[in-house]
Amino acid sequence: MATSRIVVDPVTRIEGHLRIEVEVTDGVVSNAWSTGTLFRGIEIILKGRNPEDAWLFTQRLCGVCTYVHGVASVRSVEDALNLTIPDNARIVRNLLMGTQYLHDHIVHFYHLHALDWVDIKDALTADPNLATEQAAQLFPQAKTIDYAAVQKRIKTLIGSGHLGPFAGGYWGHPAYRLDPETNLIFVAHYLEALSQQARTAQMHAIFGGKNPHVQSLMVGGVTCSYDLNKTRVSQFRQLWQETKDFIDTIYIPGVSLLAQEYSKSGWEKLGAFGNFLVFGEFSESAQEPASLFFPQGAILQRRPVSAVDTSAILEHVRHSWYAGSTARHPSKGVTTPSYTTLNTADRYSWLKAPRYQTQAMEVGPLARVLVAYGKGQAETRRAVDDFLGNTGLPTGALYSTLGRTAARALETQIIADAMGQWLDELQFGGDTSLRKPAMPASASGVGLNEAPRGALGHWIEISNQKIANYQMVVPSTWNFGPRCANGNKGPVEKALIGTPVADPARPVEILRTVHSFDPCIACAVHVIDTRKDKIYKVKVI
């Protein structure tokens, strides 16, 4: 058997710094290691601060997940105070989170992930007239695009020698399957999505003050009651409808087309994992978790959905750059950095290794879709059944890189549809969006939500009305964490096993599965070395 190692460092088109190392045996990945190489200092910085201020810091973990840590933080404090927020605040938070999903998923598919499947160079050989005819059949409800103009625009960019976001791609790779005209259509949609995502982000500014990093959150509710009027709601509704049209006419049929084409080369069987965890999101009343639009649930070894027990979560550090080897519940978590060296046989990541009932768990769109489908949520069942019917794929195809990519698109459409009803439920007039809290001397709480990338938890310990301890377990820690103390691989490490690699120098197949999880390493690592005033150098291999 011929065995070699491939290192992708850094993985591009993600947030933060990620290193993926794989062992390839006879052209197929036989082992894998995921390394988070970025470190930050949020959890340590928060100690001793006012609990009501924590969300302002945590929200800035990332410039992509611009809202999710803020709301998880205020929820953790509200849980510690046993505080129920007003209905208007709950609805506004749903709309802000919904906006985060719509924006985040559009950006991810077109600008971070699609180029793993779409050959930009091949689009230059397309016949624009034929592309127009194909688009009319494949995207019948989408607006007409001048494909000759798009092709000319790309040729001009390439001719300039400054490829911008298209630099460093594996163009011409044998793993690409789309014909030139379909590639050109996707390139045009890539450009359309650049414009659309900017418009979609404006919804955050209407009720959140700005994007990134909304300003209207507060422990006890939201502060945007002044903006809850017919004019502002109308502005939000117009942008929402525009975004929804893009999702319905371009995003959904595009992902369906991609799934059909790449299932012909076996991608509906690659990148699979069997355990899934969902904390749930979008409360539709004060009764949680019962009222969550996306329900809570856990799936172990693809068995039926079971209830979530957060006490069964442990974070392992045996293969991470932290002191000790004790696995701890996040509420008792310790963040003590202890860098040694990068050794895949020992310690090799700044990410911890979360486990649920001793199992590594995938979180994110696929987990949410599978749990909602398994619990019989009508909207998800309808969307999934339509997708499988239109593509001709079996239900088992969802457990794959293609299924993960499709699930992200499907839940974007599901959420976009639901946001119209939430808009209609807003109440105008009066200060009905905030309940000001009284901070006790000591308390503890947890804030759970579903970020676009998956299950997110913030645990807070309050003493003398200040933060005594603060720990975060974020989606990319679940998905990209290293091996645990038992030597079990993390979800991405396991999902990469069995991936064919046609050209070790251009491992686009590896990137497909890695990108399908939408890594956010800036969110996943929160430590800083407080003992050394030192600049660290990163060597790119």
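A ring-centre distance under 6.0 Å is not found for Phe139 and Tyr251.
For the atom pair Leu410 CG and His105 NE2, the distance stands at 10.5 Å (nearest 0.5 Å). Taken from CG in Asp227 to CZ in Phe428, the straight-line distance is 11.5 Å, to the nearest 0.5 Å. Taken from OG1 in Thr391 to CG in Leu258, the straight-line distance is 11.5 Å, to the nearest 0.5 Å.
For Gln260, there are no side chain to side chain donor-acceptor pair (under 3.5 Å) partners at least two apart in sequence or on another chain. Under the ring pair (Phe, Tyr, Trp, His ring centres under 6.0 Å) criterion, Tyr373 pairs with no residue at all, not counting sequence neighbours. Taking Ser306 as the reference, Ala298 meet the side chain to side chain contact (heavy atoms under 4.5 Å, CB included) condition, with sequence neighbours excluded. Scored by the ring pair (Phe, Tyr, Trp, His ring centres under 6.0 Å) test, Trp267 finds Trp117 as partners (sequence neighbours excluded). Partners of Thr395 under the side chain to side chain contact (heavy atoms under 4.5 Å, CB included) rule, at least two apart in sequence or in another chain, are Leu388, Leu398. A search for ring pair (Phe, Tyr, Trp, His ring centres under 6.0 Å) contacts involving Trp171 returns nothing, not counting sequence neighbours. Residues passing the ring pair (Phe, Tyr, Trp, His ring centres under 6.0 Å) test with Phe207 are Phe236, sequence neighbours excluded. With sequence neighbours left out, the side chain to side chain contact (heavy atoms under 4.5 Å, CB included) criterion links Ala126 to Gln151, Pro180, Glu181, Leu184.
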Do Arg404 and Glu362 pass the salt bridge (Lys or Arg N to Asp or Glu O under 4.0 Å) test, and can you show the C-alpha distance, the side-chain angles, and the key distance before you say yes or no? CA-CA 11 Å; Arg404 194 172 295 114; Glu362 176 178 339; 2.8 Å; yes
Stepwise, does the side chain to side chain donor-acceptor pair (under 3.5 Å) test hold for Glu288 with Ser283? CA-CA 7 Å; Glu288 294 188 28; Ser283 56; 3.2 Å; yes
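Within the structure, the side-chain hydrogen bond (donor to acceptor under 3.5 Å, both in side chains) test picks out the following pairs touching residues 446-455 (sequence neighbours left out): Asp104-Arg453, Arg368-Glu450, Arg453-Asp518. Applying the salt bridge (charged side-chain N to carboxylate O under 4.0 Å, His left out) test to residues at least two apart or on different chains, the pairs with a partner in residues 112-125 are Arg13-Asp116. Judged as a side-chain hydrogen bond (donor to acceptor under 3.5 Å, both in side chains), the pairs with a partner in residues 490-499 (not counting sequence neighbours) are, in order, Tyr348-Glu493, Arg483-Glu493. Sorted by first then second residue, the salt bridge (charged side-chain N to carboxylate O under 4.0 Å, His left out) pairs that include residues 233-254, not counting sequence neighbours, are Arg199-Glu242, Arg237-Asp424, Lys244-Asp248, Lys244-Asp417.
Counted within 6.0 Å of CZ on Arg153, heavy atoms from surrounding residues, nucleotides or ligands total 12 or fewer; the atom is thus considered open.
For the side-chain hydrogen bond (donor to acceptor under 3.5 Å, both in side chains) criterion with Thr200, the lone passing option out of Thr243, Asn211, Thr99 is Thr243.
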